[in-house]
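Below you'll find the structure, written out as structure tokens, and then a few comments.
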Number of protein chains: 2
Amino acid sequence: MSSAAQTSPSTAPTPSAAGSPALAGTSDTQGRLLEAAAEAFADRGFHATTTRDIAARAGLSPAGVYVHFKTKEELLYQLSLAGHLAALELLRSAVADHDSPADELRAIMTTFSRWHAEHYRVGRIVQYEFGNLTDEHRDEVLRLRKEIDAVARDVVTRGVASGEFVVGDVADTTLALLSMAIDVARWYDPEIRRTPEAIGAAYGELGLRLVGA
Amino acid sequence: MSSAAQTSPSTAPTPSAAGSPALAGTSDTQGRLLEAAAEAFADRGFHATTTRDIAARAGLSPAGVYVHFKTKEELLYQLSLAGHLAALELLRSAVADHDSPADELRAIMTTFSRWHAEHYRVGRIVQYEFGNLTDEHRDEVLRLRKEIDAVARDVVTRGVASGEFVVGDVADTTLALLSMAIDVARWYDPEIRRTPEAIGAAYGELGLRLVGA
DNA sequence: CCTACCGATCGGTAGG
DNA sequence: CCTACCGATCGGTAGG
């Protein structure tokens, strides 16, 4: 239900800048800054967002950002990391909760596309602001992206092996499946009448069609 | 073969800033500026690109951009407009060249995904820099986007009517079809071994699967 | 967490 | 199409 990665519930007053990438309903200043940055980065993009804008949205002075984060990129990194971790965890849970490739694939597509609708701001940051990370941070996040791909590819591979799926090419098909769900973050708008749940359900079925199941 | 919209082959020396959004292999200064801007906008994004960088790539002084374009956004607009026109023309031709919904859909998916690979820079500008246009320019381009959607939706609608296609929901399915092709611009990298042609062929078949044909 | 501020850069213009 | 430049803004820091 939450977009957050697992957060150690440290009530200890550790003001470390490497703090938890909570993002959920936190009301502490660090969480407010992350939420403000998520909104701004998703709406205007990383470079078009000023640290002053983030600070203002969080109710701080222009320099208030730097009390909690070393750089503007650090804010992007925390959001990107938390988003990737959440997405990976979501896919892994979807697979773990089912026991045939078809059910797993439906669950993956349902949960992944729904997530990109519900959390379309973080989704956009994950998918489109990736290139603005530092080299080190990009490399780290890239590892998570490969894990996400691997989870999906594994389901398709097993479905083909069991004869449940018939596909032309596993890699092509996996990529197209993920594309459908990822692109939701681009076109989703909270104003539209389709709910994230309905989108998830539709994409679960579309995913099965793509593998001939 | 070309990414350009129809260009009046004006050899007349009209140095108008409203000149042709050629983008093809033009070697005139305006074309060089557009190509330089396309590279920079696609690689770093609109806001992260400086007019000085564009000018340098085109071999001009820092202020050289303003000889040909009123603002940095004007450059983005010309690229976005030309890209949308090219994409729309491509889809219309694909439909015109075939005479059953299945063949039309395969052609649409093949050409659209191939185009997003071959012209992934312009594709990224079209899909992801859209929000950086001025209100007027965004409205104008939005009309083209709706026409693009309409071409695809019409093919799906006719396929359902003729019984060739079986889909859950026409709008959902159309959106998912376009998503697959559009997302190519996000992940495509000229370094990979898959060619734009191979991607097009694969996506043509994937599109048919999605409509149960 | 704030005030005050700096150095750098940027889009755009003046005036050839 | 260039040189020279301006006004504004921005990320980040000093020093409380």
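Residue numbers start from 1 in every chain, and the chains themselves are labelled A, B, ... in the order their sequence lines are given, proteins ahead of strands. These values consider heavy atoms only, across backbone and side chains, with no hydrogens, waters or symmetry-generated copies.
- Shown here are the side-chain hydrogen bond (donor to acceptor under 3.5 Å, both in side chains) partners of B/Ser179, two or more places apart in sequence or in another chain: A/Asp183.
- Under the 4.0 Å criterion applied to side-chain N and carboxylate O atoms, A/Arg121 and A/Asp43 are assigned as salt-bridge partners.
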Across nucleotides 4-16 of chain C, 5' to 3', mark each nucleotide with B, S or - according to how protein heavy atoms within less than 4.0 Å reach it. BB----BBBB---

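- A search for salt bridge (Lys or Arg N to Asp or Glu O under 4.0 Å) contacts involving A/Glu73 returns nothing, not counting sequence neighbours.
- Remark: B/Arg153 pairs with no residue by the salt bridge (Lys or Arg N to Asp or Glu O under 4.0 Å) rule, at least two apart or across chains.
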Let me have the donor-acceptor pairs involving side chains of residues 51-62 of chain A, under 3.5 Å, with sequence neighbours excluded, atom names and distances please.
unit_1, atom_1, unit_2, atom_2, d
A/Asp53, OD2, A/Arg44, NH2, 3.0
A/Asp53, OD2, A/Arg57, NE, 3.4
A/Arg57, NH1, A/Glu39, OE1, 2.9

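- Residues of residues 130-139 of chain A that place a heavy atom closer than 4.0 Å to DNA chain C do not occur.
- For residues 139-148 of chain A, the salt bridge (Lys or Arg N to Asp or Glu O under 4.0 Å) pairs, not counting sequence neighbours, are A/Arg92-A/Glu147.
- Scored by the salt bridge (Lys or Arg N to Asp or Glu O under 4.0 Å) test, B/Glu129 finds no partners at all (sequence neighbours excluded).
- In DNA chain D, the stems built from three or more successive Watson-Crick or G-U pairs (distances below 3.5 Å) are C:1-16 with D:1-16.
- Partners of B/Phe46 according to the ring pair (Phe, Tyr, Trp, His ring centres under 6.0 Å) rule, which considers only residues two or more places apart in sequence or in another chain, are B/Phe41.
- By the side chain to side chain contact (heavy atoms under 4.5 Å, CB included) test, B/Ala202 is found to be paired with A/Asp172, residues two or more places apart in sequence or in another chain being considered.
- Taking A/His84 as the reference, nothing meets the ring pair (Phe, Tyr, Trp, His ring centres under 6.0 Å) condition, with sequence neighbours excluded.
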